[in-house]
Protein chains: 2
Amino acid sequence: MTKKDQSEKRVCSVSHRGCVSMVPIFNHLDTLQMEEIMETVQAHSFKRGELIYRAGDTSDVLTIVNKGSLRIYRLSESGKEQLVRVLKPGEFTGELALFNETVHENYAEAMEATSVCQITRASLQKLLIKYPSISLKILQALSSRLDESEQQAAQFSTESTEQRLASYLADLLVEDDQSAIVTLPLTKKDLASYIGTTPETVSRKLKELEEMQLIRRISSSKIEILDEEKLLFL
Amino acid sequence: MTKKDQSEKRVCSVSHRGCVSMVPIFNHLDTLQMEEIMETVQAHSFKRGELIYRAGDTSDVLTIVNKGSLRIYRLSESGKEQLVRVLKPGEFTGELALFNETVHENYAEAMEATSVCQITRASLQKLLIKYPSISLKILQALSSRLDESEQQAAQFSTESTEQRLASYLADLLVEDDQSAIVTLPLTKKDLASYIGTTPETVSRKLKELEEMQLIRRISSSKIEILDEEKLLFL
DNA sequence: CGTGCAGTTGAGGAATCTCAACCGACGTGG
DNA sequence: CCACGTCGGTTGAGATTCCTCAACTGCACG
């Protein structure tokens, strides 16, 4: 075993443990059960830009982010890319191929050095049968993601780009709390893709919001929210 | 008991049985288990225009359509309405409030005389624990709905109104199969809301597609698809 | 020090919305 | 049975939003 292999191994085992213990869908179980689960999951690491899966893949594993972040995106018929969501530690993806035996429709790409845990369909099904409470957790996660996604679709169809950008910024605030300064977790390009517009328009709209005294641009990725109310009721 | 009550009763009991037996999430169970489930669900009927639930409600039941159809829609901040989906017999809604103990974000309205079966959180949880395979069915349904919703969001953000309308029409085709004549299941108004545009634009775009020889309007709700290929690759 | 990429700015044009008028089907009340 | 109002749908004209293309800046990296 080479030196590289050893360090790989060490990383894996650490992430392994970290993974399971922090995952919302498992964290109601006791230590013994955790141990059992740890034996069924596989840890993997990806470098920035590497794909975890791509549209058309059939791999039937559930992928849970342990460290880092994943970009989930789609390509439209016309080749344009839309950012669907960003997965942070504790969140998972791959449910479509796993529960429906169909191919992936999305692409999952590591945004930075990212480690994940993967569990195969067979193992998961065994776990679900044995510990039905895990199903409930997954149902919770899926139904709230469904709701978010439907809300996003509704926003696309009923609200202007300006409103979508504004409520995106306001949403960042509630998560950060305390300070009125939010940090954009995405490049402007990804942000544009996420809210369904172009980088140029994002740039212009941010400028407009600033002129309206609703926000203040501090640095390229830091924005101070001056008036959350007005931001939401544009 | 009045005559009206009796007929109500009869309708309920029929729909009751019909409901459970045709629901995809239950239909892998045997007759005995079906009987058990039937005792835990409640049948209800709604007239056209009645609301099953509204945004802000906390009711914690899963609602499964038995006969008829439900419009699920949202209201944006600005009061505009977006049609999220139409539920046909066998499909369900209410999962958000049920699994997450939050309030409904959507409205569910009967589009015609509609009968549904409802199962409470408590009953469903018991069933899920007792028959874990039901969870798998629900997970399947939710993950594929999630996928549809994400696809819809992606289409909103990357494709033109014309393309969205075209692929909506093409999608109708695969379901009907055989004949190239599709029947619009929605009013133009609802269709517009569903694909995120206005009735005026739908009308104009249909005209354009007809001029391009891609479709032919037969009656107000019947359309012949002349060139599915071109329709998809607009 | 060049090259490349993210971001910004400007100008022009295309897509789509809004408002308003009009048509036809339908149901209601006189 | 007819007149009327309502509603869904269509059409037109003008306004608006947003995209596209192109030029330019600043920054990171080799």
Side-chain angles (χ1 to χ4, degrees), chain A residues 47-49 71 76 78-83 109 111-112 154-169 183-212 215-223 234, chain B residues 47-49 71 73 76 78-83 109 111-112 155-169 183-212 215-223 234:
Chain A
K47 287 200 277 282
R48 173 185 167 85
R71 284 173 87 239
S76 70
S78 36
K80 276 194 205 165
E81 153 182 334
Q82 196 235 357
L83 182 62
E109 176 194 315
M111 295 177 71
E112 55 194 301
Q155 278 197 4
F156 279 135
S157 77
T158 55
E159 272 154 36
S160 68
T161 300
E162 190 168 72
Q163 288 170 320
R164 296 198 305 268
L165 177 58
S167 55
Y168 176 82
L169 293 176
T183 305
L184 296 182
L186 302 172
T187 64
K188 300 282 165 66
K189 205 178 169 184
D190 277 345
L191 204 181
S193 168
Y194 186 68
I195 64 174
T197 184
T198 60
E200 292 97 322
T201 301
V202 167
S203 180
R204 279 186 259 267
K205 293 297 177 189
L206 281 177
K207 201 176 166 192
E208 281 182 39
L209 292 177
E210 189 164 29
E211 282 162 3
M212 288 191 249
I215 65 170
R216 195 165 63 83
R217 284 183 287 183
I218 297 176
S219 72
S220 80
S221 70
K222 292 217 180 291
I223 294 184
L234 265 186
Chain B
K47 287 200 276 283
R48 172 185 167 87
R71 287 172 85 239
Y73 64 92
S76 70
S78 36
K80 275 194 208 165
E81 155 183 333
Q82 197 236 356
L83 182 63
E109 176 193 316
M111 294 178 72
E112 55 193 301
Q155 278 197 4
F156 278 136
S157 77
T158 55
E159 273 155 35
S160 69
T161 300
E162 189 168 73
Q163 288 170 319
R164 295 198 306 269
L165 176 58
S167 55
Y168 177 81
L169 293 177
T183 305
L184 296 182
L186 302 172
T187 64
K188 299 282 164 67
K189 204 178 169 185
D190 277 344
L191 204 181
S193 169
Y194 185 68
I195 64 175
T197 183
T198 60
E200 293 96 322
T201 301
V202 166
S203 179
R204 280 186 258 266
K205 292 298 178 190
L206 282 176
K207 201 176 164 190
E208 281 182 39
L209 292 177
E210 190 165 29
E211 281 162 4
M212 287 191 251
I215 66 170
R216 194 165 64 85
R217 284 184 287 183
I218 296 176
S219 72
S220 78
S221 70
K222 293 220 179 291
I223 293 184
L234 264 187

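By convention in this document, chain letters (A, B, ...) are assigned in the order of the sequence lines, proteins followed by strands, and residues within each chain are numbered from 1.
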In whole angstroms, how far is the [atom2] atom of [N] from the [atom1] atom of [X]?
X: B:I195; N: C:dT16; atom1: CD1; atom2: P; answer: 10 Å
X: B:L206; N: C:dT16; atom1: CG; atom2: P; answer: 13 Å
X: A:E208; N: C:dG10; atom1: CD; atom2: C1'; answer: 14 Å
X: A:R217; N: C:dG7; atom1: CZ; atom2: P; answer: 12 Å
X: A:L191; N: C:dG7; atom1: CG; atom2: C1'; answer: 13 Å
X: B:L165; N: C:dA15; atom1: CG; atom2: P; answer: 15 Å
X: A:Q163; N: C:dC17; atom1: CD; atom2: C1'; answer: 14 Å
X: B:K207; N: C:dA15; atom1: NZ; atom2: P; answer: 17 Å

Establish, with yes or no, whether the OP1 or OP2 oxygen of C:dT16 is under 4.0 angstrom from a side-chain nitrogen or oxygen of B:K205.
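Checking C:dT16 against B:K205, a side-chain N or O does come within under 4.0 Å of OP1 or OP2.
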Check the phosphate of C:dG7 against A:K189, side-chain N and O only, distance under 4.0 Å to OP1 or OP2. Yes or no?
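Answer no for this pair, as no side-chain N or O of A:K189 is under 4.0 Å from OP1 or OP2.
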Base C:dG10 paired with A:R204 side chain (donor-acceptor, <3.5 Å)
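Per atom types, the contact qualifies.
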B:E159 bridged to B:R164 by N-O distance under 4.0 Å:
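No, no charged N to carboxylate O under 4.0 Å.
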Among B:M212, B:K207, B:E211, exactly one meets side chain to side chain contact (heavy atoms under 4.5 Å, CB included) together with B:L209. Which residue is that?
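The residue from B:M212, B:K207, B:E211 that satisfies side chain to side chain contact (heavy atoms under 4.5 Å, CB included) with B:L209 turns out to be B:M212.
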Under 3.5 Å, is there a donor-acceptor pair between the side chain of [X] and the main chain of [Y]?
X: A:S203; Y: A:P199; result: no
X: A:K188; Y: A:S220; result: yes
X: B:E210; Y: B:R217; result: yes
X: B:Q163; Y: B:L234; result: yes

What is the first contacted nucleotide of DNA chain D and what is the last, in 5' to 3' order, if contact means an atom lying under 4.0 angstrom from a heavy atom of chain B?
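Listing 5' to 3', DNA chain D meets chain B from D:dG8 to D:dA13.
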Side-chain contact, heavy-atom cut-off 4.5 Å: A:L186 with A:Y168?
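Answer yes - side chains close enough.
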With DNA chain D as reference, determine whether A:E162 or A:E200 sits nearer its 5' end, using the nearest nucleotide of each.
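Its nearest nucleotide lies further toward 5', so the answer is A:E162.
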Using a heavy-atom cut-off of 4.0 Å across all strands, would you classify A:S160 as base, sugar-phosphate, or nothing?
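Counting heavy atoms under 4.0 Å across all strands, the contact made by A:S160 is with sugar-phosphate only.
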Just to be sure I understand the rule, does A:T197 reach a base, reach only the sugar-phosphate, or reach nothing, if contact means heavy atoms closer than 4.0 Å?
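It contacts sugar-phosphate atoms only.
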